[in-house]
Amino acid sequence: MTQSGRLVLMRHGETEWSKTHKHTSNTDLPLTDMGAEQARALGKRLAGFEFDAVFVSPLLRARQTCELAGLAARAEVMDDLREWNYGEYEGLTTPEIREMRPGWTVWADGPLGGESPQEVGSRADRVIEGAAMDAGDVAVFGHGHMLRVIAARWIGLPASGGARIRLETATVSTLGYERETRVILTWNA
């Protein structure tokens, strides 16, 4: 990716668990009807882009979003785009986890039996490096926490910096450059 290229991040559409704020990593949930509608709308918003590459998480919700947005035929599955592994906290909400671990955050503490922020940060770095092999715009279909970590790493923050970047379902966010400096161009659009 040259300094004129952009990394265009798309979070998957709504699932039953994203709707209820449950931590969802490896549980392979499909999109809800609303999520499918959101994914089709993403396709319309991406109409002006010409992507040199399309990367997608192997998880169903991201692949469905990519397909309904019209980019599945060109998509390359990238395992490093999987959502943060929440270990024992899979399927739980943050308030439920805080009943067991007061003050807990995934950004500072990581989940029991799951990935640390540093491990997720390393995967994000590999995604960025993989995208850098392409000269122009690169589409990335993934998950809330993982895409937030990618954005944090893009602008030189540790993985925990993603805590300060909220990301909604079925949104388009763009990472790029201001001169030679990596910046967030748009977020949660």
If you count heavy atoms of other groups shown closer than 6.0 angstrom to [atom1] of [X], is the number above 12?
{"X": "Arg166", "atom1": "CZ", "value": "no"}
{"X": "Arg164", "atom1": "CZ", "value": "no"}
{"X": "Met34", "atom1": "CE", "value": "no"}
{"X": "Glu96", "atom1": "CD", "value": "yes"}

Report task. Give the intermediate values and the outcome of side chain to side chain contact (heavy atoms under 4.5 Å, CB included) for residues Thr94 and His21. Result -> CA-CA 8 Å; Thr94 296; His21 305 287; over 6 Å; no
**Report entry** Verdict with reasoning, Leu46 to Phe51, per side chain to side chain contact (heavy atoms under 4.5 Å, CB included)
**Finding:** CA-CA 10 Å; Leu46 297 174; Phe51 295 110; 4.2 Å; yes
Report task. Begin with the C-alpha distance, continue with both residues' side-chain angles, and end with the deciding distance and a verdict on side chain to side chain contact (heavy atoms under 4.5 Å, CB included) for His145 and Val120. Result -> CA-CA 9 Å; His145 281 133; Val120 179; over 6 Å; no
Is any side-chain heavy atom of [X] closer than 4.5 Å to a side-chain heavy atom of [Y]?
{"X": "Lys22", "Y": "Tyr86", "value": "no"}
{"X": "Leu81", "Y": "Ile150", "value": "yes"}
{"X": "Met78", "Y": "Arg126", "value": "no"}
{"X": "Leu175", "Y": "Ile128", "value": "no"}
{"X": "Leu167", "Y": "Leu9", "value": "no"}
{"X": "Arg61", "Y": "Trp17", "value": "no"}
{"X": "Glu67", "Y": "Phe141", "value": "no"}
{"X": "Asp137", "Y": "Glu50", "value": "no"}

Smallest separation among heavy atoms of [X] and [Y], with atom names:
{"X": "Ala62", "Y": "Ser57", "result": "CB-CB, 3.7 Å"}
{"X": "Trp107", "Y": "Ser160", "result": "O-CB, 3.6 Å"}
{"X": "Arg11", "Y": "Leu42", "result": "O-CD1, 4.1 Å"}
{"X": "Ala75", "Y": "Cys66", "result": "CB-SG, 3.8 Å"}
{"X": "Arg153", "Y": "Ala124", "result": "CG-CB, 4.0 Å"}
{"X": "Val138", "Y": "Ala131", "result": "CG2-O, 3.8 Å"}

Whether the side chain of [X] engages the backbone of [Y] through a donor-acceptor N/O pair (distance < 3.5 Å, no angle test) should be reported.
{"X": "Arg63", "Y": "Pro58", "result": "yes"}
{"X": "Asp80", "Y": "Val127", "result": "no"}
{"X": "Thr186", "Y": "Thr174", "result": "yes"}
{"X": "Arg6", "Y": "Gly176", "result": "no"}
{"X": "Glu83", "Y": "Met146", "result": "yes"}
{"X": "Trp104", "Y": "Gly110", "result": "yes"}
{"X": "Asn85", "Y": "Gly114", "result": "no"}

For residues [X] and [Y]: do they belong to one hydrophobic cluster (side chain heavy atoms under 4.5 Å, members Ile, Leu, Val, Met, Phe, Trp, Tyr)?
{"X": "Met10", "Y": "Leu147", "answer": "no"}
{"X": "Ile97", "Y": "Leu112", "answer": "yes"}
{"X": "Trp187", "Y": "Ile155", "answer": "yes"}
{"X": "Leu185", "Y": "Val172", "answer": "no"}
{"X": "Ile184", "Y": "Val149", "answer": "yes"}

Report task. State whether a side-chain donor-acceptor pair under 3.5 Å links Glu90 with Thr27. Result ->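 Yes, because at least one side-chain N or O of Glu90 sits under 3.5 Å from a partner of the opposite role on Thr27.
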Requested in this report: Give, for atom CD of Gln64 and atom OG1 of Thr32, the distance between the pair rounded to the nearest 0.5 Å.
Outcome: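 Interatomic distance, Gln64 CD to Thr32 OG1, rounded to 0.5 Å: 9.5 Å.
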Query raised in the report: Out of curiosity, Glu37 CD to Leu31 CG, how far, rounded to the nearest 0.5 Å?
Result: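 Reported to 0.5 Å precision, the distance equals 11.5 Å.
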Report task. Would you please indicate if the ring centroids of Trp84 and His143 are separated by under 6.0 Å? Result ->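 When the ring centroids of Trp84 and His143 are compared, they turn out to be at least 6.0 Å apart.
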Query raised in the report: Is Lys19 salt-bridged to Glu16, going by a charged N under 4.0 Å from an acidic O?
Result: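 Glu16 and Lys19: salt-bridged.
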Report task. Report the C-alpha separation of Glu14 and Thr169 in whole Å, then their side-chain angles, then the decisive distance to 0.1 Å, and conclude whether the side-chain hydrogen bond (donor to acceptor under 3.5 Å, both in side chains) test is met. Result -> CA-CA 6 Å; Glu14 178 190 83; Thr169 55; 5.9 Å; no
Query raised in the report: Thr24 and Leu59: side chain to side chain contact (heavy atoms under 4.5 Å, CB included), yes or no, with the steps?
Result: CA-CA 11 Å; Thr24 317; Leu59 297 170; over 6 Å; no
